Amino acid sequence: YDPEKDLAPVSLLVLVPNVLVVNPELPAKNAAELVALLKAAPEQYSYASSGNGTPLHLSGELFKKMAGVSIQHVPYKGAGPALNDVIGNQVPIMFDNLPSSSGHIKSGTLRALAVTTKERAPSFPDVPTIAETVPGYETYTWNALFAPAGTPKEAIDRLNAAAKKALADPTVAEKMKDFSATIVASTPEELATHVTAELAKWGPVVKDANVQL
């Protein structure tokens, strides 16, 4: 399917930080130390993700490109199996959604080196951003609501209003805060612009890394 032609944008709901985590046995204590470690031993380390072509995989590929490091990607069928192997030190490094790693970070079974968003995550204010080490780096996972192409504007507007109402609910807003998710609740037009910008950003990264589904 073509995401621009086959889907009608309704609303960009939330932006969720990704996080660079490592097994605590890895000697790197921050992103700068990790970059130095990877440059000193190219191709000797690997990183896990929840699967080929996921935002987490692409976060890793963008990191490789912008930091100038060489590191092997190990795709998994979901974040759960990947986290298990990083905690077990079969693969020492991972890019993950912050919500799914947060419990492991708090318990000490994973070490958070940096979040991938432009700003630090409110739920982990002491964890720096990758951009503090690799200027200009920014990735996140986003959740949006779409309808099939050709859906009448009246229906799109009703869905958009319902999404905004749900995200304005204090209980929902508090839950999003727990996830370090930033509520956007955009218009359909703003989501369309966002999709176009994301395709322009990630297309070259996918091609350069030869990402195959």
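This one's a predicted model, so the numbers in the text were calculated from it and none came from an experiment.
Counting only heavy atoms from C-beta outward, the side chains of Val14 and Leu167 approach each other to under 4.5 Å. Using a 4.5 Å cut-off on side-chain heavy atoms (C-beta onward), Leu191 and Trp142 make contact. A 4.5 Å side-chain heavy-atom check between Asn30 and Glu33 finds at least one atom pair inside the cut-off. Counting only heavy atoms from C-beta outward, the side chains of Phe95 and Ser101 never approach each other to under 4.5 Å. In this structure, the side chains of Tyr140 and Thr182 stay at 4.5 Å or more apart for every pair of heavy atoms. You'll find the side chain of Val195 stays beyond 4.5 Å of the side chain of Leu7, heavy atoms only. For the pair Pro9/Phe146, a side-chain contact is recorded, criterion being any heavy-atom separation below 4.5 Å from C-beta on. Side chains of Val69 and Leu34 form no contact here, defined as non-hydrogen atoms less than 4.5 Å apart.
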Give the intermediate values and the outcome of salt bridge (charged side-chain N to carboxylate O under 4.0 Å, His left out) for residues Lys165 and Asp169. CA-CA 7 Å; Lys165 183 179 178 182; Asp169 182 282; over 6 Å; no
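Of all the heavy atoms in Leu199 and Pro204, the pair that sits closest is O-CD, 4.5 Å. Closest heavy-atom contact between Met66 and Gly136: CE-C, 3.6 Å. For Lys39 against Ala67, the heavy-atom pair with the smallest separation is CE-O, 3.2 Å. Between Leu62 and Val205, the closest heavy-atom pair is CD1-CG2, 3.9 Å.
For Thr129 and Glu132, the side-chain atoms include at least one donor-acceptor pair closer than 3.5 Å.
Between Ile93 and the choices Val22, Leu113, Val21, Val74, the side-chain contact (heavy atoms from CB on, under 4.5 Å) rule is met once, by Val22. Only one option out of Leu110, Leu56, Thr141 pairs with Asp96 in a side-chain contact (heavy atoms from CB on, under 4.5 Å); it is Leu56.
Distance alone, capped at 3.5 Å, places no donor-acceptor pair between the Asn160 side chain and the Ile156 backbone. No donor-acceptor pair closer than 3.5 Å links the side chain of Asn97 to the backbone N or O of Pro99. A donor-acceptor pair is defined here as one N or O able to donate and one able to accept, closer than 3.5 Å; such a pair exists between the side chain of Ser11 and the backbone of Ser186. Panel note: side chain Lys64, backbone Ile71; a donor-acceptor pair is recorded below 3.5 Å. Under a 3.5 Å cut-off, the side chain of Asn18 and the backbone N or O of Glu138 do not form any donor-acceptor pair. Distance alone, capped at 3.5 Å, is enough to place a donor-acceptor pair between the Thr109 side chain and the His104 backbone. Remark: the backbone N or O of Pro125 is paired with a side-chain donor or acceptor of Arg120 at under 3.5 angstrom.
Within the model, atoms CD of Glu198 and OG1 of Thr196 stand 10.5 Å from one another, a figure rounded to the nearest 0.5 Å. Phe63 CZ to Leu20 CG: the interatomic distance, rounded to the nearest 0.5 Å, is 6.0 Å.
By the 30° and 60° cut-offs, the orientation of the rings of Tyr47 relative to His57 is tilted.
More than 12 heavy atoms of other residues, nucleotides or ligands shown are found within 6.0 angstrom of NZ on Lys29.
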